[in-house]
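As structure tokens, the structure follows; a few thoughts come after it.
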Amino acid sequence: MGDNACCALIRQIHCALQKNANNGLRNAGLTFAQVNLLFMLRDHMGGSCSLKELERVLGVAQSTTAGLVKRTEEKGFIESFGSEKDKRIKSIRLTEAGRAVCLTAIKQVQEMESKAMESLSGEERSVLYSLLSKMYANISEPGEQG
């Protein structure tokens, strides 16, 4: 098995996880990308950040970030506001509804991960995590890991 086969398999796993997550989150009116945004705000950004900072952390284009934020805000899970110092800077923060839906979504994510790992022993899970962490470290930018 070559390196390309490994990357293709990782991509297939990612697509299957994303599809399952989107199906599971449909009842909550969320997508995998929106839940990822909510988790990122909650867990890594203290509940709020600037749109530019979010764009950098997500590693996607400004237009992609703006669309994701707009759709998530329309659902009431985040709210945007202007900086008091510079009105040109738009920031976003989790709402109480956003915090609450994180609790529901995390259960679904945990169930999905358990299903993906169910045939692996504890040692195999540990090895897999270690190897994936090393792969990510090899390809990520300094300071991007987390």
Side-chain angles (χ1 to χ4, degrees), residues 1-118 120 125 127-146:
M1 180 188 312
D3 290 343
N4 289 341
C6 183
C7 290
L9 185 56
I10 290 170
R11 171 87 173 124
Q12 289 172 335
I13 292 168
H14 169 77
C15 290
L17 288 171
Q18 190 169 12
K19 178 182 175 184
N20 289 337
N22 283 332
N23 288 336
L25 296 167
R26 189 172 290 127
N27 290 339
L30 287 167
T31 65
F32 185 70
Q34 291 166 342
V35 168
N36 187 39
L37 165 66
L38 297 176
F39 286 166
M40 192 169 296
L41 280 170
R42 186 194 68 178
D43 297 338
H44 302 294
M45 303 181 126
S48 68
C49 71
S50 72
L51 200 56
K52 195 69 173 167
E53 184 179 13
L54 182 63
E55 177 186 327
R56 181 188 55 77
V57 170
L58 292 174
V60 296
Q62 187 274 333
S63 59
T64 302
T65 303
L68 178 61
V69 166
K70 179 179 183 249
R71 289 184 298 278
T72 309
E73 185 172 20
E74 287 170 352
K75 295 174 183 180
F77 298 127
I78 60 173
E79 60 188 0
S80 59
F81 59 98
S83 168
E84 291 181 17
K85 295 178 183 176
D86 187 344
K87 297 295 181 193
R88 297 172 294 172
I89 298 174
K90 182 178 178 181
S91 294
I92 59 168
R93 67 178 151 235
L94 276 173
T95 62
E96 286 306 313
R99 290 184 194 286
V101 82
C102 280
L103 297 176
T104 301
I106 199 155
K107 289 176 187 169
Q108 290 175 316
V109 169
Q110 288 170 340
E111 288 171 9
M112 186 176 49
E113 186 166 329
S114 290
K115 179 161 178 52
M117 302 287 222
E118 70 185 358
L120 301 179
R125 290 174 191 211
V127 169
L128 176 62
Y129 185 80
S130 176
L131 293 173
L132 290 173
S133 296
K134 286 180 181 182
M135 288 177 71
Y136 181 64
N138 289 340
I139 61 173
S140 64
E141 298 291 325
E144 181 179 85
Q145 299 168 30

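- Open room surrounds OH on Tyr129; 12 or fewer heavy atoms of other groups in view lie less than 6.0 Å from it.
- In summary, Glu73 and Lys70 do not engage in a salt bridge, as defined by a charged side-chain N under 4.0 Å from a carboxylate O.
- Counting only heavy atoms from C-beta outward, the side chains of Cys49 and Met40 never approach each other to under 4.5 Å.
- Between Lys52 and Ile89, every side-chain heavy-atom pair lies at or beyond the 4.5 Å cut-off.
- Closest of all the heavy-atom pairs between Glu118 and Arg125 is CA-NH2, 3.7 Å.
- To the nearest 0.5 Å, atoms CG (Leu68) and CD (Glu55) are separated by 12.0 Å.
- At least one side-chain heavy atom of Ile106 sits less than 4.5 Å from a side-chain heavy atom of Arg42.
- Counting heavy atoms of neighbouring residues, nucleotides and ligands inside a 6.0 Å radius, atom CD of Glu96 does not exceed 12 of them.
- Checking each of Leu94, Leu41, Leu37, Leu38 against Phe77 for a side-chain contact (heavy atoms from CB on, under 4.5 Å) leaves exactly one that passes, namely Leu38.
- Closest non-hydrogen pair, Gly76 versus Ala97, comes out as O-CB, 3.7 Å.
- Atoms CD1 and CG, from Ile13 and Leu132 in turn, are 8.0 Å apart once rounded to the nearest 0.5 Å.
- If you take CD on Glu113 and CG on Leu17, they are separated by 8.5 Å, rounding to the nearest 0.5 Å.
- Within the 4.5 Å cutoff, the side chain of Val101 has no heavy atoms near those of the Lys75 side chain.
- How far CE of Met135 is from CG of Leu131: 8.5 Å, rounded to the nearest 0.5 Å.
- Side-chain contact between Leu58 and Asn36 is present, with at least one heavy-atom pair separated by less than 4.5 Å.
- Separating the OG atom in Ser50 from the CZ atom in Arg56 is a distance of 8.5 Å, to the nearest 0.5 Å.
- Here the CG-SG distance, from Asp43 to Cys102, works out to 7.0 Å after rounding to the nearest 0.5 Å.
- Judged purely by atom type and a 3.5 angstrom limit, Thr72 has no side-chain atom pairing as donor or acceptor with the backbone of Gln34.
- Sorted by first and then second residue, the pairs that involve residues 5-21 and meet side chain to side chain donor-acceptor pair (under 3.5 Å), not counting sequence neighbours, are His14-Gln18.
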